[in-house]
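Structure first, then comments.
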Amino acid sequence: MVAVSFVCLGNICRSPTAEAVFADLVDRVGLADQVTVDSAGTAGWHVGDPPDARAVAEADRRGIAMRSRGRHFGATDLATFDYVLAMDRKNFAVIDQMRGPRAAHVAMLREFARTNPGRFDVPDPYYGDDDGFVEVFDLVDDACRGFLDHLVDVGVVRVGAGVVW
Ligand code: 4NP
């Protein structure tokens, strides 16, 4: 089993989008019994809350259902998860400070992007307009495909011959 957690600030916009997109991808390529997918926020403001309606609407438009509830990221998550993928540099820095006996691979999601990979932020869409949620979905979708490429490349998961994503 490989456990992946996506982390943003509030856990109602970016990381739940990544959770839903990656879970859908994992399911479509037949890895649902090998990969668990989660998300969390470095702030605790939205614990128990459903995702932001604008994120839900954009995901719905792309055929993806979002069912997560807000969860606060904690230091113990670094022992629980194999991969902790931060949405932006601020979230990365918060996670990085929770050092201790950390077992997880900690990275920024866009390091795995197929298009223009690097230590770039998935921009926080919360105080912006609907276009921000379209951009978030596009960035997350591309990077989730690239992250699955990575898991296959390093031999963490194996996908059946001829399966594309
Ligand atoms: P997220 O977006 O980190 O992508 O979930 C935000 C959600 C809520 C807030 C900020 C960012 N907030 O200030 O409540």
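In each ligand, atom 1 is the first atom listed, and ligand 1 is the first ligand listed.
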**Asked** Can you list the steps and then say if R71 with D77 is a salt bridge (charged side-chain N to carboxylate O under 4.0 Å, His left out)?
**Response** CA-CA 11 Å; R71 190 175 78 78; D77 289 324; 3.2 Å; yes

**Message:** Are F120 and F133 linked, directly or through intermediate hydrophobic residues, by side-chain heavy-atom contacts shorter than 4.5 Å (ILVMFWY only)?
**Reply:** no

**Message:** As an exercise, identify every atom of ligand 1 less than 4.0 angstrom from a heavy atom of G10.
**Reply:** 1 (P), 3 (O), 5 (O), 7 (C)

**Asked** Looking only at heavy atoms, what is the nearest atom pair of L109 and A143, with distance?
**Response** CG-CB, 3.6 Å

**Prompt:** N/O of W45 under 3.5 Å from N/O of ligand 1, yes or no?
**Reply:** no

**Asked** Got a salt bridge between D121 and R89, using NZ or NE/NH1/NH2 to carboxylate O under 4.0 Å?
**Response** yes

**Prompt:** Is P125 in polar range of ligand 1, meaning some N or O pair under 3.5 Å apart?
**Reply:** no

**Asked** With atoms numbered from 1 as shown, which atoms in ligand 1 lie under 4.0 angstrom from a non-hydrogen atom of N11?
**Response** 5 (O)

**Request:** Kindly confirm or rule out an N or O of I12 lying under 3.5 angstrom from an N or O of ligand 1.
**Result:** yes

**Asked** Nearest protein heavy-atom contact for atom 9 (C) of ligand 1: which residue, which atom, what distance?
**Response** Y126 CD2, 3.4 Å

**Message:** Tell me whether S15 has any N or O atom under 3.5 angstrom from an N or O of ligand 1.
**Reply:** no

**Asked** For atom 2 (O) of ligand 1, which candidate among L9, D124, V7 provides the closest heavy atom?
**Response** D124

**Message:** Looking only at protein heavy atoms, which one is nearest to atom 14 (O) of ligand 1, and what is the separation?
**Reply:** H46 NE2, 3.0 Å

**Request:** Please check if any side-chain donor atom of W165 sits under 3.5 Å from a side-chain acceptor atom of D149, or the reverse.
**Result:** yes

**Asked** How far is atom 1 (P) of ligand 1 from its nearest protein heavy atom, and which residue and atom is that?
**Response** C8 SG, 3.5 Å

**Message:** Checking D141 against R114 for the side chain to side chain contact (heavy atoms under 4.5 Å, CB included) test, could you report, in this order, the C-alpha distance in whole Å, the side-chain angles of both residues, the deciding distance, and whether it holds?
**Reply:** CA-CA 10 Å; D141 185 54; R114 282 180 166 179; over 6 Å; no

**Request:** Mind running side chain to side chain contact (heavy atoms under 4.5 Å, CB included) on R110 and V122 for me, showing each step along the way?
**Result:** CA-CA 7 Å; R110 289 184 65 188; V122 177; 3.9 Å; yes

